[in-house]
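Position 1 is the first residue of the sequence; numbering continues from there.
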Amino acid sequence: MTQINPQTTQINQSNFTSISQMSEYLSKKSPVVSEKELNDDSFEAVLKKTSQKQQESSELKFSKHANERLASRQIDLTGEQLMRLQGGTSRAREKGIKESLVMVDNLAFIVNISSNTVVTAVNDTKDAVFTNIDGAIIS
């Protein structure tokens, strides 16, 4: 394994009168860095870290307001509808949408994409007006 010592230039330019002085100098400096450690921020590693973060954040959260609206409007999401809502949120994220209207059947959800949070829910969309969104997904 090849090892790279970031202090090589400094050592070559320093005047040591003995090996013990050089050893002392090296023990006070940062350790030798291996190639593997230098390459840890490779494209593959960054891609894996990013996809892990996305998977961790893929579970939708519901704000207190959204939970109150679901209860007061008697909206019971099925597992299939929840999956479609999550899928619509993912599609909105891919398109760069920040605040999205996600339609699932006759239900409308406003989702903050960056926080992965459902902000509110509506089950009567007739004559509805949605503001402060920058995109809509029909799922």
Are [X] and [Y] joined in one hydrophobic group, where the rule is that I, L, V, M, F, W and Y side chains link up if heavy atoms are under 4.5 Å apart?
X: Ile113; Y: Val118; answer: yes
X: Leu70; Y: Leu85; answer: yes
X: Val104; Y: Ile75; answer: yes
X: Val102; Y: Val119; answer: no

**Asked** What closest approach, in Å, do Ser100 and Ile133 show between heavy atoms, and which atom pair accounts for it?
**Response**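 Minimum heavy-atom separation between Ser100 and Ile133: C-CG2, 4.3 Å.
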
**Gln86 to Glu59 - nearest heavy-atom pair and separation** =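 So the two residues come closest at NE2-CA, 4.0 Å.
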
**Asked** How far does CD1 of Ile110 sit from CG of Leu101, to the nearest 0.5 angstrom?
**Response**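 It is 4.5 Å, given to the nearest 0.5 Å.
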
Ignoring hydrogens and angles, tell me if any N or O in the side chain of [X] forms a donor-acceptor pair with the backbone of [Y] under 3.5 Å.
X: Asp134; Y: Ile97; value: no
X: Arg69; Y: Val122; value: no
X: Asp105; Y: Leu107; value: no
X: Ser63; Y: Ala66; value: yes
X: Thr117; Y: Ser115; value: yes

**Asked** Does some side-chain heavy atom of Asn132 sit less than 4.5 Å from a side-chain heavy atom of Glu99?
**Response**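 They are not in contact (no side-chain heavy atoms under 4.5 Å apart), so the answer is no.
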
**Asked** Within a strict 4.5 Å, meaning less than it, do heavy atoms of the Val111 and Leu60 side chains meet?
**Response**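 With C-beta onward as the side chain, the pair touches.
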
**Request:** May I have the step-by-step check of side chain to side chain contact (heavy atoms under 4.5 Å, CB included) for Leu77 and Phe109, ending in yes or no?
**Result:** CA-CA 12 Å; Leu77 285 174; Phe109 300 91; 3.6 Å; yes

**Item:** Pairing residues for Glu80 by the salt bridge (charged side-chain N to carboxylate O under 4.0 Å, His left out) criterion, not counting sequence neighbours
**Value:**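 Only Arg84 meet the salt bridge (charged side-chain N to carboxylate O under 4.0 Å, His left out) criterion with Glu80.
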
**Message:** Could you walk me through whether Thr78 and Asp76 satisfy the side-chain hydrogen bond (donor to acceptor under 3.5 Å, both in side chains) test, starting with their C-alpha distance in whole Å, then the side-chain angles of each, then the deciding distance to 0.1 Å, before giving a yes or no?
**Reply:** CA-CA 6 Å; Thr78 65; Asp76 292 319; over 6 Å; no

**Prompt:** Can you list the residues that meet the side chain to side chain donor-acceptor pair (under 3.5 Å) rule with Ser139, with sequence neighbours excluded?
**Reply:**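 Result, side chain to side chain donor-acceptor pair (under 3.5 Å) vs Ser139: none returned.
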
**Asked** Is the count of non-hydrogen atoms from other residues, nucleotides or ligands lying under 6.0 Å from Ile138 atom CD1 greater than 12?
**Response**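 Result for CD1/Ile138: open.
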
**Asked** Is it the case that Arg93 and Asn116 place a side-chain donor and acceptor less than 3.5 Å from each other?
**Response**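 Judged by distance alone, the side chains do pair up.
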
